[in-house]
Every structure is written in structure tokens, then in C-alpha cells.
Number of protein chains: 2
Amino acid sequence: MNRLDLNLLHVFDTIFREGSLTRAARALHLTQPAVSHSLSRLRDHFNDPLFTRQGNQMVPTPLARRFAETMRPGLTQIQSAVNQFHAFDPARQHKTFSLGLRDILESTFLPQLMKNLTSYPEIEVVSQRIARREMETQLASGKLDFAVDVLLPVSNQTSHELLRKDQLVVIAGEHHPGIENGLTMEQYLAARHVLVSSRTEGPGIEDFELSRQGVHRRIALRCQHYYAACRVAENTDLLVTMPETYARMIEQQAKVRVLPLPTDMPALNVHLYWHTAYEKEPSLLWFREQLHRVASNRPDRP
Amino acid sequence: MNRLDLNLLHVFDTIFREGSLTRAARALHLTQPAVSHSLSRLRDHFNDPLFTRQGNQMVPTPLARRFAETMRPGLTQIQSAVNQFHAFDPARQHKTFSLGLRDILESTFLPQLMKNLTSYPEIEVVSQRIARREMETQLASGKLDFAVDVLLPVSNQTSHELLRKDQLVVIAGEHHPGIENGLTMEQYLAARHVLVSSRTEGPGIEDFELSRQGVHRRIALRCQHYYAACRVAENTDLLVTMPETYARMIEQQAKVRVLPLPTDMPALNVHLYWHTAYEKEPSLLWFREQLHRVASNRPDRP
DNA sequence: TTAAATGATAAGAATAATTCAGTGGTCTAA
DNA sequence: TTAGACCACTGAATTATTCTTATCATTTAA
């Protein structure tokens with residue numbers, strides 16, 4: 001029969017993650033020979049060694065890699081489905097959360113998040129950069145648990161909620177002339193600017209709003225990362241317009257000053273996205289709460 | 001332990017589909033008591049009857065429904081992953097293919113498709129209408145195997161290929177005056193038209209092309225379905241512009257004539273979409289071939 | 001070189017699943 | 001209304017599978 005013992009998939013997944021039969025056995029609360037036997041059953045089924053011993057670790061064969069690639073998202077989906085009826089205990093259960101973060105969100109979220117999670121050593125976080133176009137499919141296929149991004153149009157298989165509002169502020173080098181009492185609109189428009197954008201052309205969000213107000217600023221540099229832009233501002237008279245949360249972080253490490261924008265501009269709405277089907281899964285609910293804590297700067301335990 | 005025997009999920013899925021333990025047992029090549037025992041193990045685990053006997057069939061409880069909803073897509077993903085290394089035998093293996101078809105594609109595809117599949121009684125097809133925005137997430141989550149639509153921008157988790165090109169033609173009532181020798185551009189523009197569109201406003205694709213050519217036609221009726229539009233054309237002097245494949249089908253049943261468009265217009269590119277990760281899965285490859293057969297009007301066995 | 005650790009293997013033990021046989025309930029048709 | 005067919009559940013016995021203990025051959029690290 002074509003029928004594979006589905007429990008072996010769980011063993012396969014663990015060996016794949018741990019890279020060792022002994023460690024996999026520990027994780028599964030089994031003895032090492034039990035795992036070894038399971039592996040040999042898998043080997044029979046696939047007619048492939050699946051994992052080969054290379055020195056101290058079991059390295060997956062190409063076939064095993066290909067299998068893992070397609071099988072593991074399904075497995076996590078099933079585990080989510082099964083676990084939705086059981087409570088989640090973050091202190092004892094092992095769980096990997098995968099998170100799609102763009103640009104500066106990694107720096108503003110991860111440090112505080114991981115600090116809050118130190119008391120949960122079994123919790124693992126994977127952060128990856130996800131293209132906007134991929135976001136929904138990654139969430140739907142189970143490759144991603146959450147994504148954080150500005151407000152985007154999504155299908156109704158994807159849920160989202162506001163995580164935090166971020167005002168735009170201006171970063172200027174410490175010795176930028178004439179900014180002791182903040183920045184006037186004249187100064188802002190007279191200065192030259194760094195535009196941070198992942199695209200190679202077109203205006204940034206702040207330029208959209210400025211042109212709506214009928215003014216225009218001069219761009220001296222277009223680059224991809226806010227961090228690089230800030231290091232430029234540190235050493236020149238160029239200004240950088242960026243979200244406040246990240247600016248406050250940079251302020252503590254670089255010789256720059258954070259100044260309010262001299263004009264009103266709508267705040268950046270940072271949203272959290274997830275797959276609607278797994279909305280009720282306790283572990284995901286718990287992680288969502290953790291993310292909200294970080295976003296609103298609440299301490300670990302309320 | 002929180003650990004559920006994953007093999008029970010397969011039993012659950014089969015009971016859910018078959019609505020009967022006896023039939024589920026047959027499908028699983030087991031005896032009925034074996035399935036009954038499996039079910040009782042599931043009941044212990046979920047602390048819920050899961051299926052209750054109502055007359056002649058086992059009806060899932062709300063909890064079972066909710067569980068099935070989230071679990072089954074994962075299960076099919078896993079089965080795809082496992083099966084990618086085994087050949088698929090459409091004559092003997094049971095398999096359900098789910099297909100996202102919009103509007104007229106159901107009428108133009110399904111009859112011929114199901115005719116071609118009569119020699120494969122184990123093959124089941126589910127066709128559902130999918131909103132464009134949902135398409136990719138449905139494919140990614142495993143709820144949909146294939147979708148058919150015009151060319152759309154997609155993420156690279158989704159693959160696609162041209163299924164067929166469809167020319168636009170005009171449908172006119174049988175007794176429409178002065179169309180014995182086809183339709184001139186003057187006649188086309190002088191007539192009043194039915195515009196078929198699922199949106200409530202905005203031009204149709206043909207209007208886009210017409211305005212590119214600097215002309216404009218008069219819309220007398222805007223409606224949602226080509227079939228309704230044809231019945232209108234049958235009884236009035238209104239014209240309907242639509243894809244040729246569907247027009248040819250209608251022509252055989254309604255008192256209408258199919259006329260070529262009096263101007264050149266780009267053909268409609270009908271594409272087939274699927275999830276890239278399961279590209280190599282034999283059963284999906286086989287079904288893709290079936291769809292191509294239908295699209296190109298080739299017979300069942302070449 | 002040696003001690004510790006790792007994966008494979010063999011054989012017995014433990015566990016789990018399947019089958020068989022029988023019960024009671026439900027539907028259908030005479 | 002009732003007999004017969006069908007269906008799901010239960011318990012005991014059997015069968016099959018999986019796990020464990022013990023051991024060996026390699027490999028790694030001290």
C-alpha cells in the first residue's frame with residue numbers, strides 16, 4: 001500500500017530539526033533505538049537513506065530536503081488544528097514562531113521581544129524578510145505565523161489589527177546648524193535629504209504627503225536602510241525622515257538628534273497579519289499577545 | 001501528553017467524508033470495528049462525540065466541523081508531499097481535485113472535463129467560485145488545487161501557464177436586422193449593447209480596447225452573467241460581446257448568431273494557476289494534463 | 001590513546017491495534 | 001405493526017507492531 005504511517009512524519013521532522021537521532025529521541029521522549037527504527041522504516045518507504053551520518057550530525061539527503069520542504073508546512077498546520085482545543089503552556093511546550101518583518105521592524109521589535117521571552121526557553125523565533133506580494137501566501141501555506149507591515153489590502157483569509165501607530169520624525173546630525181529649538185518648515189525644505197526606500201525610484205511616503213501640501217524637498221541620497229541613512233546624517237547636514245520608534249533607538253547610539261516634523265503628517269499604521277483559519281489557536285493567541293506587549297512597551301508580566 | 005496519533009486523523013477525515021463508519025472502513029481497507037475503535041480513541045482525545053448517529057448517517061458535531069475545517073487542508077498538503085515520490089494511478093486511486101472557476105468557465109470546462117473523466121470513477125472534482133483576491137491564498141493553503149482565470153499578477157509561490165486563448169465575438173439575436181453578411185464597425189457602434197461584468201461600474205475589457213481605438217459604444221444593460229445577456233440578445237436587438245468558446249456553446253441552444261468582431265481585439269488569455277510547491281506531485285501533474293486536454297479539445301485518450 | 005558519544009542491530013517485552021462475535025438501536029418495506 | 005436489513009458499539013482474544021534493553025562498531029574530542 002501507498003500508505004505511510006503519519007507518525008513517522010513527526011519523527012522525520014524532529015530528526016530534521018535536531019540533526020541527530022539521540023537528540024530527536026530526547027525531544028520525542030523516546031529512546032534512541034526507537035527513533036533509529038522509525039528512521040529505517042522511513043528509509044524503506046522512500047527507498048532513500050534520507051539522513052546520512054557526517055561526523056557528528058545526520059545530514060538530510062537532497063530527497064529528504066525536498067520532502068521536508070513540502071511536508072513541514074502541512075505538519076505545522078495539522079499541529080495547529082489539533083492544538084486549537086488544548087491550552088498552550090509557553091513555559092514547557094516547545095514551539096517555533098515564524099515572523100515576517102520588514103526593514104527596521106526587526107531592530108525595533110526583536111530586541112524587546114526576545115528580552116520578554118527569556119523566561120520561556122522553549123520558545124523559538126524565526127524572523128524573515130517577506131516580500132509584500134508573498135506575505136499572504138506564506139501565511140496561508142503555514143510557512144509564516146505572523147507578518148508585520150503597514151496597512152495593506154488583504155483577502156479575507158487573512159486577518160489583521162493595528163499593532164502601533166508610529167509618527168514620522170526627522171533625524172539630524174548632532175552639529176547640524178540652527179536646530180537647537182527644533183526645525184522650521186523653511187529649514188526642512190532648505191535642507192537636502194536622504195530618502196530611504198527599497199524601490200529604485202518614485203517618491204517615499206513622506207514625499208507623497210509633502211506634495212499634497214504643495215511643497216517639495218530635495219533628495220541628495222536614496223538608499224535602502226534607515227541605519228545607513230542615519231550614519232550619513234551623523235556625518236553630514238543631510239536630514240532623514242523616519243518612524244519615531246526607530247529614530248529613538250538610533251538616537252541612543254549615534255551622534256544625531258531627533259526632531260519633530262515641522263508639519264502635520266499622518267502616522268504610520270503598523271499592522272499585524274495572520275491567517276484567519278488559525279485565529280483561535282492558543283499558542284498563536286499567546287504570541288500575538290506578546291507582540292502587542294512589545295508594541296505598546298508593556299513589561300513581560302503585567 | 002498532548003500527542004495525538006496522527007494516523008487517527010486519516011480515519012477522522014474518511015469518516016467525515018463518507019458519513020458512515022462502515023463506508024469509511026471499506027475506504028480504508030479496514031473492518032468496521034477497527035474504525036469504531038479509532039473513533040473512540042479520537043473521542044477520548046477531544047472529549048467530544050465528534051460524530052453522532054442521526055438516522056442513517058454519522059453527523060459531525062460543531063467541534064468536529066471546526067477541527068475538520070483547519071485540519072483537512074494540512075492533511076492534503078502532507079499527502080501531496082508524500083505522494084510526490086510515487087506514481088499516480090487515476091484508474092484505481094481515489095482523489096478529489098478542487099478547482100476554482102469563474103463565471104462562464106464552469107460551463108465551458110466542466111462538461112467536457114467530466115466526460116473525459118468517466119473512465120476514472122474514483123476521481124472527484126469540486127468546482128467553486130473564488131474571488132480573485134482569495135485565489136493565491138486558497139492555492140497556498142491547500143484548499144484549492146487549481147484555479148483558472150485571465151492573466152493576473154501573482155507571487156512566485158504561484159505558478160501559471162496559458163491554458164487557451166479565447167477570441168472575443170459578438171452574439172446577436174437570430175432576427176437581428178442586417179447581419180446576414182456579418183457585422184460592420186458602423187453597425188456595431190450603432191447598436192446598443194449588453195455589458196457583462198461582476199463589478200457594478202467601470203468599463204468592460206472590450207470597452208478598454210474600443211476607447212484605445214478612439215470609439216465608444218452605447219451600453220443599454222449591465223448584468224452579471226453571459227447566459228442572461230444572451231437570453232436578452234435573443235429577444236431584443238441588443239448585442240453581446242463575449243469569448244468565443246462560450247458563444248459557440250450558447251449558439252447551439254439559443255436563437256442567436258455568433259458574428260466576428262468587426263475590429264481586431266487582443267484575445268483573452270485564460271491561464272491555469274497552481275501552487276509552486278506541489279508542482280511535481282504526480283496526481284496534480286496528471287490533472288493538469290486533463291485540463292489541457294479539455295482546453296485544446298483533444299479526446300480522452302490520445 | 002583513550003573516554004565519551006553516536007547510530008545501527010538483535011531479541012525479548014510491552015503495548016497497541018485488529019478481528020471476531022454478539023448486542024442493541026434505527027430505518028424500511030411488507 | 002413487525003420482520004429484516006443495516007449500522008454502530010463493546011469486550012475478549014489474537015495478532016502485529018513498536019519500544020526497550022543490551023551490545024557493537026564508528027567517530028569525535030580530550
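Only this structure's heavy atoms are used, side chains among them; waters, hydrogens and symmetry mates stay out. Owing to the predicted nature of the structure, the values given are computational and were not obtained by experimental measurement. Each chain gets a letter, A, B and so on, in the order the sequences are listed, and its residues count up from 1.
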Query raised in the report: Reading nucleotides 18-26 of chain C 5' to 3', which nucleotides get B (base under 4.0 Å from a protein heavy atom), which S (sugar-phosphate only), which -?
Result: BBBB---BS
Could you check how far [atom1] of [X] sits from [atom2] of [N], rounded to whole Å?
{"X": "A/His45", "N": "D/dT18", "atom1": "NE2", "atom2": "P", "answer": "13 Å"}
{"X": "B/Leu39", "N": "D/dT10", "atom1": "CG", "atom2": "C1'", "answer": "13 Å"}
{"X": "B/Leu21", "N": "D/dT10", "atom1": "CG", "atom2": "P", "answer": "11 Å"}
{"X": "B/Arg26", "N": "D/dA8", "atom1": "CZ", "atom2": "P", "answer": "10 Å"}
{"X": "A/Met58", "N": "D/dT26", "atom1": "CE", "atom2": "C1'", "answer": "13 Å"}
{"X": "A/Phe51", "N": "C/dT6", "atom1": "CZ", "atom2": "C1'", "answer": "16 Å"}
{"X": "A/Leu4", "N": "D/dT17", "atom1": "CG", "atom2": "P", "answer": "15 Å"}
{"X": "B/Leu42", "N": "D/dA8", "atom1": "CG", "atom2": "C1'", "answer": "15 Å"}

Heavy atoms under 4.0 Å, any strand shown: does [X] hit a base, just sugar-phosphate, or nothing?
{"X": "B/Asp5", "value": "sugar-phosphate"}
{"X": "A/Ser36", "value": "base"}
{"X": "A/Arg43", "value": "sugar-phosphate"}

Report task. Using the six-membered ring of A/Phe97, assess whether NZ or CZ of A/Lys95 lies under 6.0 Å from its centre and within 45 degrees of the ring axis. Result ->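 The answer is yes; both the distance and angle limits are met.
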Note: [X]-[Y] ion pair, threshold 4.0 Å (strictly below):
{"X": "A/Asp13", "Y": "A/Arg72", "answer": "yes"}
{"X": "A/Arg293", "Y": "A/Glu289", "answer": "yes"}
{"X": "B/Glu161", "Y": "B/Arg288", "answer": "yes"}

For [X] and [Y], which I'm curious about, is there any donor-acceptor pair between the side chains at under 3.5 Å?
{"X": "B/Glu18", "Y": "B/Ser20", "value": "no"}
{"X": "A/Gln128", "Y": "A/Ser98", "value": "no"}
{"X": "B/Gln157", "Y": "B/Thr276", "value": "no"}

Report task. Would you please name every residue forming a ring-ring contact (aromatic ring centres under 6.0 Å, His included) with B/Tyr226, sequence neighbours left out? Result -> none
Does a side-chain N or O of [X] approach OP1 or OP2 of [N] to a distance below 4.0 Å, or not?
{"X": "B/Ser40", "N": "D/dC9", "value": "no"}
{"X": "B/Ser20", "N": "D/dC7", "value": "no"}
{"X": "B/Thr22", "N": "D/dA8", "value": "yes"}

Report task. Note down the inter-axis angle between the two ends of the helix from C/dT1-D/dA30 to C/dA30-D/dT1, five pairs each, to the nearest 10°. Result -> 40°
**Report entry** For the student: nearest non-hydrogen atoms of B/Thr52 and B/Thr61, plus distance
**Finding:** CG2-CG2, 4.2 Å
